[in-house]
Each structure stands twice: as C-alpha cells, then as structure tokens.
Amino acid sequence: MFCVVIFALLNPTPYCRGFRSTGFLMLDIQLLRSQLDAVAQRLAARNFSLDVTAFQSMEDERKQLQTRTQDLQSKRNSLSKQIGALRGKGEDVSGVMAEVAGIGDELKASEERLAALQIKLNDFLSRIPNLPCDGVPVGKDETGNVEVRRWGSPREFGFEVRDHVDVGAALGLDFDTGAKLSGARFTFMRGAVASMHRAIAQLMLDMQTREHGYTECYTPYIVNPEVLYGTGQLPKFAEDMFRVERGGEGSQTQYLISTSEISLTNMVRESILKADELPLKLTAHSPCFRSEAGSYGRDTRGMIRQHQFDKVEMVRITKPEDSYDALEEMVVNAEAVLQRLELPYRVVALCTGDMGFGSAKTYDLEVWLPAQKAYREISSVSNCESFQARRMQARYKSEAGKNEFVHTLNGSGLAVGRTLVAILENYQQADGSVIVPAALRPYMGGIEVLRPSA
RNA sequence: GGAGAGGUGGCAGAGUGGUCGAAUGUACCUGACUCGAAAUCAGGCGUAGGUGCAAGCCUACCGUGGGUUCGAAUCCCACCCUCUCCGCCA
C-alpha cells in the first residue's frame, strides 16, 4: 500500500552498479556450486525453498556462455592487435579485418545473452536468505524460539493495570494528533512524555558510547538503493520501505532508513579495511521509518508498531573469528539498558523460521508489558556473518595478506518508543502518575514523577 | 540555480585511438650489502571472474552507464561525485 514494488521489477539490479560478475552474492557462490543440496537443506530449515533445478540450469548456461564469450573476446583482441601491428609496418590488413568482422555478430549476441543471464542469476541469488548458524534452534515460527534467560520479575500491582495509551494520554501521548497529521501509526508527543522519550534516547546513547565503547555516529536518514541492497532490505523487502523523491523531475528514487543498521553498516561498503582497524563499534540514535506492510490489524493500538520510531542502534564490524563473541557482548550491552531502567525482560534465541533475512543467529530481548501480560520484543541482536559484507563488498586485509569479507552484527540498544511504553506501563501508579526510573532523572532535570496535567 | 576545473593503481602523477592493466615517483614486501640500521642495488607489489591437478592461460575493470570503432583510459552522449567562484537558503 505504501511502497508498491515496481522498482525491482522495472529495474532488476540497479544497486549492482560496479559489480559485473556473480561474485558479490549473499551466499558464497562457490558454496552454492559445490554443495547445492546441503545448502538447500539448511535453507529449508528457515522456510525457504531453494529452486535447485532453476539454479543448476542457470549455472550450466552461464558456464557455457561465459566460456564462449571470453573465447571470442580473446580472439577479437588478438586479431585487433594484429591489425595495429600490420598497420604499423604499412602492410595490408583487409584479410584480418574480414576475419574479425566474422566474429562481431556472434560476440555481440553472446555478450548480451551473458549479461542478461547474469542479471537473472544475480536477482535469483540476491533473494536467498542467509544460512542459519549451526546450533540455532530449528523451528517454523516464533513458537520455536527458545528462552535463554530472564531478568527481574514482573511487579505486583495493587490496582487495575492500564496500558500505555491510557497512562500516556494525560501525560502528552497523543495519537489523535498523530493520525490527523500523518495517519494511523503516527504519534505526537508533548510535554512530559516527549521529554522522557528524549531522555531515554540520551541515556541509551550515553551508555553505549561511554560505558560500552561504541563510537557515536550521525548518519543520513535517506539512502540510495544499493545501500539497502547491501544490508538486505532490497530487493526482497522493498514494500517495507518508504520511498522518497526529490522535488523536480528525473531524480533517483531513494529510501528512508528503516533502521540505522543500514547507514551504520554500509559505512564500510566497498572498502578494504586494515586488520588493526577491526573491530569497529558504532552506535547512532536515529528515527526509523517502516511501512509495516502486511501487519494490518496487528498492534494497532498504541505505539508498539509505528511507521516512525526512534532507536539507538549498535553495529559491529569484526573479523570472522570474533563475530560470535561480539554477538554475546552486544546482547549484554542491550540488556544493560533494561537493567539500568529496572525493567523485567527475557532473552530469547530465535529459531530458524523466525530469523531475519540476513541473520545467521539472532537473540531477541523481550520486555515485560503488564497490560499485555506478556514479554514483547524491544531489541533484536543479530550476527549476519559475511552475508551483508558480500553484498556490500566490505573486506579487510587479513594477517596473511588476503582480502576477506568482514562479519557484520547489529542490534538495538534499544528501541526508544517501546522502552517508553514499557516505562509507562511498568512504572504507573494508581493515581495515574508515572515514576521516573532513577537512571532517567538526571536527563529530566531531576523530576521523579510524571503527573497528569489535566 | 549560474560559471569554471577535475575524477587513472595505497598515495602522488603521466598517458588524447593500437602489445596500456597502464610510465614515473613514493609507500609497502623480499633479497643483497651491514654487527645492526640508514643509504644503495636487484626483484616483487591492484581487484574480481573463468579454466586447469598444477605451473599457467584467458576475460573484465582507468567515477557510473551507454555509443562510435577491427580496436577506447584516450573520441561522442547521459548521469554521479569532488573542488573553486557567484546566487539562494537553515
């Protein structure tokens, strides 16, 4: 509804500019060629059925076409050189000219067929999700997720618990104005709630930078399509994005970021890093824009699921051998925020069927929402291994002097809007006021309680 | 928005149709000399793909995309980006 995908259809691989070969895929093409059935089997665990026959036939054709094309190119090159040499000596070239002319048509046709096939092959490959890491629980959907640990225990309320919509209404949380300006799933905040929203983001950013060693970043919120290709939003998930165009005509379509994972991770696209530059630990507070296509009717009440929300994001770029340690650390980095805010939560290992497109292993953090009597996602931390790095062409020069793909990880640390929701619900009092968590008070001029204004 | 300059290997910088994947300098690596280092000398040093057991051979890449040509870093067109000046603007 928001972002109908005509883009990918009209223009199969615009984000592939600069990459001519099949070498820039999501999965290692060599792996696919050599262990096709095994790969298909692992992908099946995440509900993706790989069309093995289609791939095989495209590969066979590619191989044959490429060999033939390069053969003809080689022939043309050597004949052309002969022409130059003969001309230099003032000799007759008409014989060679005739010979090379004979190659022309076939070469051109062959090149065109190969180019078309490469586009088709790339498009096919770019829609294949990452392979799940060994040890990820196998499961069809979220019911297959596995709880890893819990922290804190839900508070006992001596009164009827209200949800954040009701609690927030008197504190400046205004869905009507949001809807008036922009439609459903937009929120307008004023006063105490707006202030707390900012305080939450500040606290998170300060913790990630000062306590956990991340470098603070400020990034563009509008990015080019190839950037989204790099992190895996395109080509498959265009309908989840907001597209923007500049005033005036003829401008390239760009996209609003749906998470600053996109802009942070792509910082290293198309580059070869030095080994001693790694790991990179980046963080940013940014708005996120999501069309939420396909989620009609889900979480319609309140600000759980919004078209625009803020998030403090963590990204790490690591050497391959370090990425799984980094993943565990990032989960701890995210947990630290919930602990500081004294919000009960649990850590869940996502099963194969519930993981995101680019992830090899994901942990979700779920915060307790008393009004829903449920744990709800507030952070998601993923190791994408080399999946995004391949798409971005992000490499580093290893100690052995070889260029290898880096590993990329991302995680929310945390989602600001949902944290606000959790605070309003968990810290509410019978009189409609909300206690300000101690950790936020320095960011709110020392205020201890938010009281309904009218 | 207007006018101009420019985008070539890690960096600097040649190259305006024919052995140019690209001179030269510099950085880096290896070796020689040295007790060691510096200096000097010799050699090496881009990325990706195809093919082959391998040595190797082949193909593509000089901002991006297209065109002209037997042949393009070099000529033509479009676009992107950078810099300088003017205008506008938070």
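The figures here come from the full heavy-atom set of this structure, side chains too, leaving out hydrogens, waters and symmetry mates. Quick note on labels: first sequence line is chain A, next is B, and so on, each numbered from 1. In this text the structure is predicted, and so the values were computed from the model without any measurement.
Not a single donor-acceptor pair, N or O on each side, falls under 3.5 Å between the base of B/rG49 and the side chain of A/Gln66.
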Identify all pairs in which a protein N or O lies below 3.5 Å from an N or O of nucleotides 8-11 of chain B, and state each distance.
none

Between the protein and nucleotides 68-74 of chain B, list the N/O to N/O atom pairs that are separated by less than 3.5 angstrom.
residue, atom, partner, partner atom, Å
B/rC70, O2', A/Ser80, OG, 3.0
B/rC70, N4, A/Arg87, NH1, 3.2
B/rG71, O4', A/Ser80, OG, 3.1

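Taking the side chain as every heavy atom from C-beta outward, A/Met58 and A/Phe124 approach each other to under 4.5 Å.
OP1 or OP2 of B/rG50 sits under 4.0 Å from a side-chain N or O of A/Arg33. In this structure, A/Gln30 reaches the B/rG50 phosphate: one of its side-chain N or O atoms is under 4.0 Å from OP1 or OP2. Considering only side-chain N and O atoms, A/Lys63 lies under 4.0 angstrom from the phosphate OP1 or OP2 of B/rU51.
When only modelled atom types and interatomic distance are considered, A/His407 and A/Asp322 share no side-chain donor-acceptor pair under 3.5 Å. Side-chain contact of A/Gln388 with A/Glu261: a donor-acceptor pair under 3.5 Å is present, judged by distance alone. Judged purely by distance below 3.5 Å, without hydrogens or angles, the side chains of A/Asn403 and A/Lys397 pair a donor atom with an acceptor atom. Side-chain polar atoms of A/Ser291 and A/Asp240 form no donor-acceptor pair below 3.5 angstrom.
A straight line from CG of A/Leu72 to C1' of B/rG50 spans 14 Å, rounded to a whole angstrom. Going from atom CG of A/Asn403 over to atom P of B/rC45 covers 16 Å, rounded to whole Å. The separation between A/Gln118 atom CD and B/rA60 atom C1' is 11 Å, rounded to whole Å. Following rounding to the nearest Å, A/Arg68 (CZ) and B/rU51 (P) show an atom-to-atom distance of 16 Å. Straight-line distance from the CG atom of A/Leu114 to the P atom of B/rC58: 20 Å, rounded to whole Å. Rounded to a whole Å, the CD atom of A/Glu226 is 18 Å from the P atom of B/rG63. Remark: C1' of B/rA48 and CD of A/Gln393 are 8 Å apart, rounded to the nearest angstrom. We find that CD of A/Glu112 is positioned 16 Å from P of B/rG65, with the value rounded to whole Å.
With both ends at atom P, the span from B/rG36 to B/rA27 equals 23 Å, rounded to whole Å. With P as the reference atom, B/rU26 and B/rU59 are 33 Å apart, rounded to whole Å. Taking the C1' atom of each, B/rC80 and B/rC29 are spaced 37 Å apart, rounded to whole Å. Separation of the C1' atoms belonging to B/rA42 and B/rC33 is 11 Å when rounded to the nearest angstrom. Using C1' as the reference atom, B/rA78 and B/rC85 are 26 Å apart when rounded to the nearest Å. To the nearest whole angstrom, the two C1' atoms, one in B/rA60 and one in B/rC53, are 26 Å apart. With both ends at atom P, the span from B/rA72 to B/rG67 equals 12 Å, rounded to whole Å. Using atom P as the reference point in both B/rA90 and B/rU84, the two lie 22 Å apart (nearest Å).
Only one option out of A/Thr408, A/Asn410, A/Asn333 pairs with A/Arg316 in a side-chain hydrogen bond (donor to acceptor under 3.5 Å, both in side chains); it is A/Asn333.
The heavy-atom pair separating A/Leu32 from A/Leu125 by the smallest distance is CD2-CD2, 3.2 Å.
Remark: A/Arg290 fails to qualify as a cation-pi partner of A/Phe242 under the 6.0 Å distance and 45° angle criteria applied to the six-membered ring.
Residue contacts for A/Arg395: at a heavy-atom cut-off of 4.0 Å it reaches the sugar-phosphate backbone alone, with no base atom in range.
For B/rG18, the paired nucleotide is B/rC70, the pair qualifying as Watson-Crick or G-U wobble because both relevant distances are below 3.5 Å. With a 3.5 Å ceiling on both atom-pair distances, the Watson-Crick or G-U wobble partner of B/rC61 is B/rG46. The partner of B/rA3 is B/rU84, judged by Watson-Crick or G-U wobble contacts that both fall below 3.5 Å. Pair check for B/rG25 finds B/rC11; Watson-Crick or G-U wobble, both atom distances under 3.5 Å. Pairing for B/rU34 is absent, with no Watson-Crick or G-U wobble pair whose two atom distances lie under 3.5 Å.
Looking at A/Asp176 and A/Lys180, no side-chain N of the basic residue comes within less than 4.0 Å of a carboxylate O on the acidic one, giving no salt bridge. Taking a cutoff of 4.0 Å between a charged side-chain nitrogen and a carboxylate oxygen, A/Lys108 and A/Glu111 do not qualify as a salt bridge.
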ring-ring contact (aromatic ring centres under 6.0 Å, His included) between A/Phe387 and A/Phe357, intermediate numbers included: CA-CA 10 Å; A/Phe387 185 84; A/Phe357 184 69; 5.5 Å; yes
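Heavy-atom distances to RNA chain B give each of A/Gln70 and A/Gln73 a nearest nucleotide, and the one nearer the 5′ end belongs to A/Gln70. Taking for each of A/Lys397 and A/Ser78 the nucleotide of RNA chain B with the nearest heavy atom, the 5'-most of the two is the partner of A/Lys397.
The side-chain hydrogen bond (donor to acceptor under 3.5 Å, both in side chains) pairs that include a residue from residues 93-107 of chain A are A/Arg68-A/Glu106, A/Asp92-A/Ser94, where partners are two or more places apart or lie in different chains.
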